[in-house]
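Owing to the predicted nature of the structure, the values given are computational and were not obtained by experimental measurement. Below, chain A is the first sequence line, B the second, and so on; all start at residue 1.
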Amino acid sequence: MPEIKQALMPTPPWRRTDYCGAPRAKDAGREVALWGWVATRRDHGSLIFIDLRDREGIIQLVFNPEHDAAAHAVAEAARAEFYLAVRGRVVRRSEGSVNAELPTGEIEVVVTAAEILNPSLPPPFPLSGAEGAAEEVRLKFRYLDLRRPEMQSNLRRRHQALRGARAYLDAHGFIEVETPILFKATPEGARDYLVPSRVNPGRFYALPQSPQLLKQILMVGGFDRYYQIARCFRDEDLRANRQPEFSQIDIEMTGPRPEDVHEMAEGMMASIYQYAAETEIERPFPRMRYDDAMERYGSDKPDLRFGLEMRNLSAAFAGTQFKVFAETLARGEQIYGLVLPAACQLSRRELDDMAEGLRSRQALGLAWLKIAPDAWQGPIAKFISDQERTRVAEIAAPAAGDTLLMIAGARGKVRPALGDLRLRLGAKFDLIDRAALKFLWVVDFPLFDFSEEEKRLVSVNHPFTAPHPDDIGLLDSEPLKARALAYDMVLNGQEMGGGSIRIHNAELQLRVFELLGIGREEAAVKFGFLLDALGFGAPPHGGIAFGVDRIAMMVCGTDSLRDVMAFPKTQKAVDPMSGAPSEVDPRQLRELSIRVAL
RNA sequence: GGGGUCGUAGUUCAGCCCGGUUAGAACGCCGGCCUGUCACGUCGGAAGUCGUGGGUUCAAAUCCCAUCGGCCCCGCCA
């Protein structure tokens, strides 16, 4: 079997001159040598066509037994996903046999020599055509999945996005510095992945959740402008857009104001979109205060691709006869509503389902009114006075045929709930402009939130975030009212990145730790190196970090992170291809002084 | 930890409600024929622990319970 002999050879019998996807009509007459996988094979008995595929595309090969019997024999033996080397001449296809679907469709290669460099088992799922195959199978045979043009294109766009980021950052004086993967466990934030230290029995490294502290220390270390495409690890449950390990474009600058970070980040994002999508994006991005985002969209990452803005209707219902609203207001709670335009009609059933969902999940009531010119309609219409209608109309301006949806309850619950409803309605009625790129900055985040679980203040961002200069006085009196110098970049309702100006003064940092319930001693043990560093002339600094995977999802237009990562894990954080995580040899555990208690 | 949903040839799915002979289809695979196809065509063939375990029943892919796994979501996570 001549094909087996060639398959044992470590290198191909001839060099490649072109990628399969490269030749065009102008190459007619050229002798080319190609390597690639058999995408499809059409055997006419004597004449055989093979579509050969590599990363650049697909080209049609013609095997005619009258030209070369040996090459033809190879084509006869070849099957899907065999890796072939061929030589031949590029020829123009005859009129009428041109394939307009293929970029190479005006030409074909008449093969004069062919070798099977390696045969293939029949692929366990079809690589062309349908998206059909179950994700588990795709992940198990990821090397085959990655050959698919769609995955090839996604990972290349991701590569281009990173090129765009690097090009911009390089041009603006940022220095790429690598930081350790074996780092120190941190008490705040997500669960850490731990790595035992063999030479220090009983001690553990943690994989970094982000290089946050290290990049701050690089500022103290004088690098002035730093960036890194950093791998980050968080041991939390997975989602369609969340993997346990992911990448960030991590950036830190000495001495910026928030606006300086914004300008830089917008420039970088523009560069990313140029490289990865050949798209110009509009700058500067609008800015929205956190309070406004919550008030109008019920979210700290509002999707501005459609309207359906929320309004606080509490004032309109002061003194109302409608018992539920009256009780809500008496408790000091709020009524928020949004107007669904006449074009979007919800059936009674749909409204009831929505109401039921809100009641069971969040213990919130949904009320609705259909707007008719005179009398509004709905189960609660009879409780609504003329005066209330007038006042609601002033605030929310509904038109005839519209539906007014209202949720009553504590502000902290109502706004996100209505915001969530807004998103579902936007999707349901297809109000979202798919082509739009709606960037914005959300600014003036609160510095702290109160954790009901832990009965203490927690950082909204992280404990190193600087308070707004106007609010430093509030730290002592009303810390929950203090704003942070923090900002998120949001695109189409997705958080692309977030950052802040950091605390660069050890005293202020200790004060913030204290408010978070971290005493001086604990701070010294856990963050001593940071506090020490801040004590040696640490310059003011701040920065931002972007989710590379989410950026890749946006430029590829996919909903699943797994489509833009080469080797993602399943929801159970398993890699079906390698079988990780796996059990290990008892000897390895002994060396690490680890005993497993299940 | 919780909710939803799916699991049947290599793949995608039908059959399941309403239990009843040999569990079907398409694609793929194997073999034959075919010199202009491009999802080639055409003739024939092989291929299934119905996720796993238990239960109900004369009889289970089908009904019940448990369990494992994929996906989506809540919690968790910036």
key: Which nucleotide in B:A78, B:U37, B:C74 has an atom nearest any side-chain atom of A:R239   = B:C74

ask   = Does A:Q209 put a side-chain nitrogen or oxygen below 4.0 Å from OP1 or OP2 of B:C77?
value = no

Interface residues of residues 38-48 of chain A with RNA chain B (non-hydrogen, below 4.0 angstrom) = A:T40, A:R42, A:D43, A:H44, A:G45, A:S46, A:L47

request  = For A:Q571, report the nucleic acid contact type (base, sugar-phosphate, nothing); a contact means any heavy atom under 4.0 Å.
outcome  =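 Base: the residue A:Q571, judged by heavy atoms under 4.0 Å, touches a nucleobase.
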
key: Atom-to-atom span, CZ of A:F125 to C1' of B:C13 - whole angstrom   =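 Interatomic distance, CZ of A:F125 to C1' of B:C13: 18 Å.
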
request  = With C1' as the reference atom in both, quote the distance from B:U8 to B:G70 in angstrom, rounded to an integer.
outcome  =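 Their C1' atoms lie roughly 16 Å apart.
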
ask   = What integer number of Å spans the C1' atoms of B:G15 and B:C58?
value = 23 Å

message = Need the pair for B:G53. Rule: Watson-Crick or G-U wobble, both distances under 3.5 Å, any strand; none if unpaired.
response = B:C65

inquiry  = Nearest whole Å is fine: how far is B:U37 P from A:I59 CD1?
reply    = 19 Å

message = Closest approach to the side chain of A:P122, judged atom by atom: which nucleotide of B:C29, B:C71, B:U12 is it?
response =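 My answer, after comparing the listed nucleotides, is B:C29.
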
task = Please work out which of the three classes, parallel, tilted or perpendicular, describes the rings of A:H262 and A:W441, given edges at 30° and 60°.
result = parallel

Options B:A78, B:C76, B:U37, nucleotide nearest the side-chain atoms of A:A190 = B:A78

request  = With heavy atoms under 4.0 Å as the rule, sort A:Q494 into base, sugar-phosphate or nothing.
outcome  = nothing

inquiry  = If you count heavy atoms of other groups shown closer than 6.0 angstrom to CZ of A:R289, is the number above 12?
reply    =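 12 or below, so no.
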
key: CZ (A:F141) with more than 12 external heavy atoms under 6.0 Å   =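 Atom CZ in A:F141 is crowded, with more than 12 foreign heavy atoms closer than 6.0 Å.
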
request  = Using the C1' atom on both, measure B:G54 against B:C71 and round to a whole Å.
outcome  = 27 Å

message = For B:C29, give the paired nucleotide (Watson-Crick: N1-N3 plus N6-O4 or O6-N4; G-U: N1-O2 and O6-N3; both under 3.5 Å), or none.
response =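 Pairing partner: B:G45.
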
key: Nucleotide of B:A78, B:G36, B:G10 approaching A:S97 most closely (side-chain heavy atoms)   = B:G36

task = Kindly compute the distance separating CD (A:E135) from CG (A:D563), expressed to the nearest 0.5 Å.
result = 6.5 Å

task = Would you kindly give the CD1-to-P distance between A:I107 and B:U37, to the nearest whole Å?
result =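 That distance rounds to 18 Å.
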
What donor-acceptor contacts under 3.5 angstrom involve side-chain atoms of residues 410-419 of chain A, with partners at least two apart or in another chain?
from, atom 1, to, atom 2, distance (Å)
A:R411, NH1, A:Y336, OH, 3.0
A:K413, NZ, A:Q362, O, 2.9
A:R415, NH1, A:E295, OE1, 2.6

ask   = With both distances under 3.5 Å as the test, what is the Watson-Crick or G-U wobble partner of B:G19?
value = none

inquiry  = Need the pair for B:G24. Rule: Watson-Crick or G-U wobble, both distances under 3.5 Å, any strand; none if unpaired.
reply    = B:C13

Please list every donor-acceptor pair under 3.5 Å in which a side-chain atom of residues 69-80 of chain A meets a protein atom from a residue at least two apart or in another chain.
from, atom 1, to, atom 2, distance (Å)
A:H72, NE2, A:S46, O, 2.2
A:R79, NH1, A:E76, O, 2.9

query = What integer distance in Å separates A:K572:NZ from B:G2:C1'?
reply = 13 Å

query = Pick the nucleotide of RNA chain B nearest each of A:V137 and A:G189; which residue has the one closer to the 5' end?
reply = A:V137

message = Under 4.0 Å, counting only non-hydrogen atoms across every strand here, what does A:R562 touch: a base, just sugar-phosphate, or nothing?
response =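 Sugar-phosphate: the residue A:R562, judged by heavy atoms under 4.0 Å, touches backbone atoms but no base.
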
task = Quote, to the nearest angstrom, the P distance that separates B:G41 from B:A60.
result = 42 Å

query = Which of these nucleotides, B:U11, B:G70, B:G75, is closest to any side-chain atom of A:T570?
reply =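 Nearest nucleotide to the side chain: B:G70.
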
inquiry  = Could you tell me how far apart A:I50 (CD1) and B:C40 (P) are, to the nearest whole angstrom?
reply    = 12 Å

Rounded distance in Å between the P positions of B:G53 and B:C68 =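 To the nearest whole Å, 15 Å.
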
task = Would you please classify the geometry between the A:F464 ring and the A:H462 ring as parallel, tilted or perpendicular, with 30° and 60° separating the classes?
result =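 Ring orientation of A:H462 relative to A:F464: tilted.
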
Any N/O donor-acceptor pair, A:E108 side-chain to B:G36 base, under 3.5 Å =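 Indeed there is one.
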
ask   = Once the angle between the rings of A:F439 and A:F285 is folded into 0 to 90°, is it parallel (under 30°), tilted (30 to 60°) or perpendicular (over 60°)?
value =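 Rings of A:F439 and A:F285: parallel, under 30°.
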
request  = Please measure how far the C1' atom in B:U62 lies from the corresponding atom in B:A39, and state the result in whole Å.
outcome  = 35 Å

Nearest-angstrom distance from the residue atom CG of A:L139 to C1' of B:G69 = 13 Å

query = Out of A:Q212, A:R502, A:Q216, A:Q228, which residue meets the side-chain hydrogen bond (donor to acceptor under 3.5 Å, both in side chains) rule with A:E252?
reply = A:R502

query = With a 4.0 Å cut-off on heavy atoms, is A:D235 in touch with a base, just the backbone sugar-phosphate, or nothing at all?
reply =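 No contact.
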
message = Please determine whether any donor N or O and acceptor N or O are separated by less than 3.5 Å between the side chain of A:N99 and the base of B:C38.
response = yes

inquiry  = Does A:R234 reach a base, just sugar-phosphate, or nothing at all? Heavy atoms under 4.0 Å.
reply    = sugar-phosphate

ask   = Which whole number of Å gives the distance between the P atom of B:C73 and that of B:G10?
value =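 To the nearest whole Å, 31 Å.
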
ask   = Are any of A:R79's side-chain N or O atoms less than 4.0 Å away from OP1 or OP2 of B:C30?
value =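 Answer yes for this pair, as a side-chain N or O of A:R79 is under 4.0 Å from OP1 or OP2.
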
key: Exercise: do A:T112 and A:D68 side chains pair donor with acceptor under 3.5 Å   =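 No, no side-chain donor-acceptor pair sits under 3.5 Å.
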
query = Whole-Å distance between B:U37 P and A:E106 CD?
reply = 18 Å

task = Could you give the distance separating B:C13 and B:G55 at their P atoms, to the nearest angstrom?
result = 32 Å

ask   = Could you give the CZ-to-C1' distance, from A:F141 to B:G28, as a whole number of Å?
value =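 It works out to 14 Å between those atoms.
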
Pairing partner (Watson-Crick or G-U wobble, both distances under 3.5 angstrom) of B:G36 =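 No nucleotide pairs with B:G36.
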
